[in-house]
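Written out below as structure tokens is the structure these notes cover.
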Number of protein chains: 2
Amino acid sequence: MDHLPSWLLTQTAAHAHRLVGDGFAAVGARGYHLRLLRSLATEGAASQADLGRRTGIHLSDLVGALNELETGGFVARSPDPADRRRNVITITDDGLTRAVQLAERAAQVQEELLAPLAADEREELSRLLWRLLEHHRRVGSVTPDPEAAGKMSEVAGSIPGVRSTGRGTR
Amino acid sequence: MDHLPSWLLTQTAAHAHRLVGDGFAAVGARGYHLRLLRSLATEGAASQADLGRRTGIHLSDLVGALNELETGGFVARSPDPADRRRNVITITDDGLTRAVQLAERAAQVQEELLAPLAADEREELSRLLWRLLEHHRRVGSVTPDPEAAGKMSEVAGSIPGVRSTGRGTR
DNA sequence: CGCCTAACGTTAGTGCTCCGAACGTTCGTT
DNA sequence: AACGAACGTTCGGAGCACTAACGTTAGGCG
């Protein structure tokens, strides 16, 4: 059982995902909410497009998440007078409270997730993961990928039921 | 931007997921296939239920994955004469070749994923992740969770569009 | 000014992974 | 013989990431 790192990653991530998901579902939220509220709280109001860029959330998913936050009263969507294309997203007082609540919840989950690790190990883990993220973010954003797309379908179609997704490289 | 470990995990996992997904889609496969073929190759033939337990793949997803592998000729499904409920899943020669191919593909992806890390750092990362997995696997299997389920809905329903999933603790 | 491009917000739909519920079949045990 | 358990299967749903397409608005340029 020589497990590949990517397997370890996706597996642990699945656990993390489950823990976070359950923890958030218990208060009627999900991961996107905290990400968005945190960004709004720390980096200020923004248009949806900006928010998407800041949080890495896809624009099409942003709509739904913001709808939820808006109907919850955690966020206000108001048209930008300076640019009528834009919606300005502002965090409300309730939203700030909510952000704190979710952050606490998330912290609990961290504790649960990292339980078997000592403090310095946790730091080490975060450091390593951070390095990976940094690297792939650089590569991902820099490369417009003119050729990677071509490689995608080179050997495709070995199995009937499965087709090449055409999911972009970024 | 003090990023939480779970965020780092899910983010890096997302990258890993994307890399693996694309890498496998290029040859018309997906993650399940390698997991299954590896298990069959190293631990031998098994019934579907056993396979599911071995690989951690949900039985309902197993069916589809095995269908794909079967139509690809990588795996044979034959009824167990000793127990007519059971299907015995055997890996074919093509399946072994396929397993090697996918493993290579996976290895490439590892290289890409872990590019910024030195060898000893990669080991450290694997070690830490492994510890987390071990821990949660133990906890997850031992706990039948009589009370956790109850907590799940305690504060639910803050937001209309989102409901408590009731997704099991394991 | 008119045209065209680019950005913006939105909707709809796909894919993968993980999960729960239900059904019909078969096996063991009692 | 009857019952509970395991097995394989199908259906559906959640979460996250992503593509495609559309209508709207802003700006640059001839």
Side-chain angles (χ1 to χ4, degrees), chain A residues 7 9-11 13-22 24-25 29-33 35 46-53 55-68 70 77-89 140 149 161-170, chain B residues 7 9-11 13-25 29-33 35 46-53 55-68 77-89 140 149 161-170:
Chain A
W7 185 81
L9 250 183
T10 51
Q11 286 298 305
H15 277 286
H17 185 31
R18 180 166 38 240
L19 288 175
V20 172
D22 287 349
F24 277 13
R30 47 206 183 101
Y32 281 165
H33 294 186
R35 269 208 250 171
S47 72
Q48 295 189 192
D50 277 348
L51 254 184
R53 279 185 284 265
T55 57
I57 297 177
H58 201 276
L59 283 195
S60 53
D61 300 313
L62 210 57
V63 179
L66 286 180
N67 284 344
E68 291 161 7
E70 195 181 18
R77 228 201 217 108
S78 51
D80 186 342
D83 186 338
R84 275 189 297 174
R85 291 173 302 181
R86 257 185 272 252
N87 283 338
V88 178
I89 309 297
V162 181
R163 51 235 156 284
S164 187
T165 60
R167 210 135 102 274
T169 327
R170 211 278 113 100
Chain B
W7 185 82
L9 251 182
T10 52
Q11 287 297 304
H15 278 283
H17 186 30
R18 179 167 37 239
L19 289 175
V20 172
D22 287 349
F24 277 14
R30 47 207 182 102
Y32 282 164
H33 295 187
R35 269 207 252 170
S47 72
Q48 297 188 192
D50 277 348
L51 254 184
R53 281 186 283 266
T55 57
I57 297 177
H58 199 278
L59 284 194
S60 55
D61 299 314
L62 210 57
V63 179
L66 286 180
N67 284 344
E68 291 160 8
R77 227 202 217 108
S78 51
D80 185 341
D83 185 339
R84 275 188 298 174
R85 290 174 303 182
R86 255 185 273 252
N87 283 337
V88 178
I89 309 297
V162 181
R163 52 234 152 283
S164 186
T165 58
R167 213 136 101 270
T169 327
R170 202 283 133 330

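The shown structure was predicted, so the numbers you read here are calculated from the model rather than taken from an experiment. Numbered from 1 within each chain, the chains take letters A, B, ... in sequence-line order. All heavy atoms count here, side chains included; hydrogens, waters and symmetry mates do not.
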Taking any heavy-atom pair under 4.0 Å as a contact, classify S47(B): base, sugar-phosphate, or nothing. sugar-phosphate

From CG of L66(A) over to C1' of dT11(C), roughly how many Å is that when rounded to an integer? 15 Å

When you measure from the side chain of V63(A), which nucleotide among dA17(D), dT17(C), dT10(C) comes out closest? dT10(C)

Is N67(B) near enough to dT9(D) that one of its side-chain N or O atoms lies under 4.0 angstrom from OP1 or OP2? no

Could you tell me which non-hydrogen atom of N87(A) sits nearest to which non-hydrogen atom of P79(A), and how far apart they are? OD1-CA, 4.1 Å

G31(B) to F24(B) - nearest heavy-atom pair and separation: N-CD2, 3.6 Å

Quick check for you: among dC18(C), dC16(C), dA17(D), whose closest atom lies nearest to any side-chain atom of Y32(A)? dA17(D)

Look at the side chain of A49(B) and decide which nucleotide, out of dT11(C), dG15(D), dG8(D), has an atom nearest to it. dG8(D)

Rounded to the nearest angstrom, tell me the gap between atom CZ in R85(B) and atom P in dG8(D). 8 Å

Rounded distance (nearest 0.5 Å) linking atom CG of D80(B) with atom CD of Q48(B): 11.5 Å

Could you tell me whether the phosphate oxygens of dA7(C), OP1 or OP2, come under 4.0 Å of any side-chain nitrogen or oxygen in R86(A)? no

Whole angstrom value for the distance that separates P of dT17(C) from CG of D22(B): 12 Å

Please tell me if R84(B) has a side-chain N or O lying less than 4.0 Å from either OP1 or OP2 of dA6(D). no

Is R53(B) near enough to dC7(D) that one of its side-chain N or O atoms lies under 4.0 angstrom from OP1 or OP2? yes

Apply the test side-chain contact (heavy atoms from CB on, under 4.5 Å) to residues I89(A) and E70(A): give CA-CA distance (whole Å), side-chain angles for both, the deciding distance (0.1 Å), then the verdict. CA-CA 9 Å; I89(A) 309 297; E70(A) 195 181 18; over 6 Å; no

Could you go through V63(A) and L59(A), starting from their C-alpha distance and side-chain angles, then the distance that decides it, and tell me whether this counts as side-chain contact (heavy atoms from CB on, under 4.5 Å)? CA-CA 7 Å; V63(A) 179; L59(A) 283 195; over 6 Å; no

Tell me the interatomic distance from I57(A), atom CD1, to dG15(D), atom P, rounded to whole angstroms. 14 Å

Using atom CG of L59(B) as one end and atom P of dT17(C) as the other, report the distance to the nearest whole Å. 17 Å

Has the side chain of H17(A) got a donor or acceptor atom sitting under 3.5 Å from an opposite partner on the base of dG15(D)? no

Toward the 5' end of DNA chain D, which comes first, D83(B) or A82(A), by nearest nucleotide? D83(B)

Compare side-chain N and O positions of R77(B) against OP1 and OP2 of dT9(D) and report whether any pair is under 4.0 Å apart. yes

Closest of dT26(C), dT19(D), dG20(C) to the H58(A) side chain is dT19(D)

Rounded to the nearest Å, what distance is computed from the CG atom of residue D80(B) to the P atom of nucleotide dC27(C)? 9 Å

Whole-Å distance separating the NE2 atom of H15(A) from the P atom of dC18(C): 10 Å

The side chain of Q48(B) lies closest to which of these nucleotides: dT10(D), dG9(C), dG8(D)? dG8(D)

Whole angstrom is fine here: how far is it from CG in D61(B) over to P in dG15(C)? 15 Å

Correct closest heavy-atom pair for T55(B) and R35(B) would be O-NH1, 3.0 Å

